Amino acid sequence: MTPLLLAVALAAPLTFADPSGTKVTLDEPGVVYLVDFWAVECKGCIEEIPELERLSRELVPRGRFRLVSVLWGGDWPGPMLKELAERYGIGRPLHTDPDGWQERLGKVAFPTKVLVRDGEVLKYPRGGDAGPYGNWKPLVDKALATSGP
């Protein structure tokens with residue numbers, strides 16, 4: 001089993017904006033969040049979407065996992081976020097990053113993922129790989145096994 005590589009406390013919870021402009025705070029106790037920072041012009045980001053969707057479909061129904069897709073590149077209007085989600089087959093709302101979390105975390109590269117639970121960053125790699133489902137599923141399972149009810 002792959003170990004979690006990092007446990008760094010955040011100074012504040014991650015927040016993003018949904019298509020309606022409402023801020024969404026990733027601070028629900030015991031919930032494991034996988035934040036996927038991606039860009040429309042990133043081929044690797046687009047190629048990962050089907051495997052990330054598979055991960056989401058499998059784990060979200062358990063109730064303690066959320067995959068949060070954050071589109072980089074400004075404050076995208078809600079209709080554009082909805083259109084892009086539909087175009088790329090993303091079954092969840094896309095989010096924007098008005099607080100500049102990707103820059104604040106120090107890594108602007110695509111794709112970038114952040115695994116977070118209870119205000120701690122558990123893993124934060126950047127760049128894509130050939131198998132996001134196979135790479136992230138064991139890490140998410142381990143994070144879920146070590147979190148609350």
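Everything numeric in this text was worked out from a predicted model, so none of it was measured. In this chain, residues are counted from 1 in sequence order. Keep in mind that the numbers below use all heavy atoms, side chains included, and drop hydrogens, waters and symmetry copies.
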Legend entry - Shortest non-hydrogen contact between Pro13 and Asp27, atoms and distance: CB-CB, 4.0 Å
Legend entry - Side-chain heavy-atom pair Leu26, Thr15 within 4.5 angstrom cut-off: no
Inset, instruction - Kindly indicate whether the side chain of Asp118, heavy atoms from C-beta on, has any atom under 4.5 Å from the side chain of Pro29. - result: yes
Inset, instruction - Please assess Arg92 against Asp36 for the test salt bridge (Lys or Arg N to Asp or Glu O under 4.0 Å), listing each intermediate value before the final yes or no. - result: CA-CA 12 Å; Arg92 299 157 275 102; Asp36 176 33; over 6 Å; no
Inset, instruction - Measure across Pro19 and Leu81 and return the closest heavy-atom pair with its distance rounded to 0.1 Å. - result: CA-CD1, 3.9 Å
Inset, instruction - Any chance you could lay out the salt bridge (Lys or Arg N to Asp or Glu O under 4.0 Å) test for Glu48 and Lys113, step after step, and finish with the verdict? - result: CA-CA 11 Å; Glu48 287 186 344; Lys113 314 274 183 302; 2.4 Å; yes
Inset, instruction - Compare every heavy atom of Tyr33 with every heavy atom of Thr25, then report the nearest pair and how far apart it is. - result: O-OH, 4.4 Å
Inset, instruction - Nearest 0.5 Å please: distance from the CG atom of Leu94 over to the CZ atom of Arg87. - result: 11.0 Å
Inset, instruction - State plainly whether the residues Glu28 and Arg66 are in salt-bridge range, i.e. N to O under 4.0 Å. - result: yes
Inset, instruction - Given side chain to side chain contact (heavy atoms under 4.5 Å, CB included), test Arg62 with Leu144 step by step and report yes or no. - result: CA-CA 10 Å; Arg62 295 183 191 177; Leu144 288 168; 4.2 Å; yes
Inset, instruction - Determine, using the 4.5 Å side-chain heavy-atom cutoff (strictly less than), whether Ile90 and Val60 are members of one ILVMFWY cluster. - result: no
Legend entry - Sub-4.5 Å side-chain heavy-atom contact between Trp72 and Phe110: yes
Legend entry - Note, Val31 side chain near Arg117 side chain (heavy atom, < 4.5 Å): no
Inset, instruction - Could you list the residues that satisfy side chain to side chain donor-acceptor pair (under 3.5 Å) with Lys82, not counting sequence neighbours? - result: none
Inset, instruction - Tell me whether Ile46 is reachable from Tyr133 by hopping between hydrophobic residues (I, L, V, M, F, W, Y) whose side-chain heavy atoms are closer than 4.5 Å. - result: no
Inset, instruction - Given salt bridge (Lys or Arg N to Asp or Glu O under 4.0 Å), test Lys23 with Asp99 step by step and report yes or no. - result: CA-CA 10 Å; Lys23 286 238 180 159; Asp99 296 329; 2.8 Å; yes
Inset, instruction - Can you label the angle between the His95 ring and the Phe16 ring as parallel, tilted or perpendicular, going by 30° and 60°? - result: perpendicular
Legend entry - Path from Leu71 to Phe37 over hydrophobic side-chain contacts below 4.5 Å: no
Legend entry - Same apolar cluster (I L V M F W Y, side chains within < 4.5 Å links), Trp38/Val70: no
Legend entry - Leu84 vs Val40 side-chain heavy atoms within contact, under 4.5 Å: yes
Legend entry - From Tyr88 atom OH to Glu83 atom CD, the distance as rounded to the nearest 0.5 Å: 8.0 Å
Inset, instruction - For the residue pair Leu122 and Glu120, establish whether any side-chain heavy-atom pair is separated by less than 4.5 Å. - result: yes
Inset, instruction - Identify the two heavy atoms, one from Ser56 and one from Leu67, that lie closest to each other, and give their separation to 0.1 Å. - result: CB-CD2, 3.8 Å
Inset, instruction - Taking all heavy atoms of Asp97 and all of Gln102, pick out the closest pair and write down the distance. - result: OD2-N, 2.9 Å
Legend entry - Side-chain heavy-atom pair Leu115, Leu139 within 4.5 angstrom cut-off: yes
Legend entry - side chain to side chain contact (heavy atoms under 4.5 Å, CB included) evaluation trace for Val35 with Leu14: CA-CA 9 Å; Val35 180; Leu14 297 173; 4.1 Å; yes
Legend entry - Expected output: side-chain Thr146 to main-chain Lys142 donor-acceptor under 3.5 Å: yes
Inset, instruction - Check the hydrophobic clustering (I, L, V, M, F, W, Y; side-chain heavy atoms under 4.5 Å; chains of links allowed) and say if Leu59 and Trp136 are grouped together. - result: yes
Legend entry - Nearest non-hydrogen partners of Trp76 and Thr96, listed with the distance: N-CG2, 3.5 Å
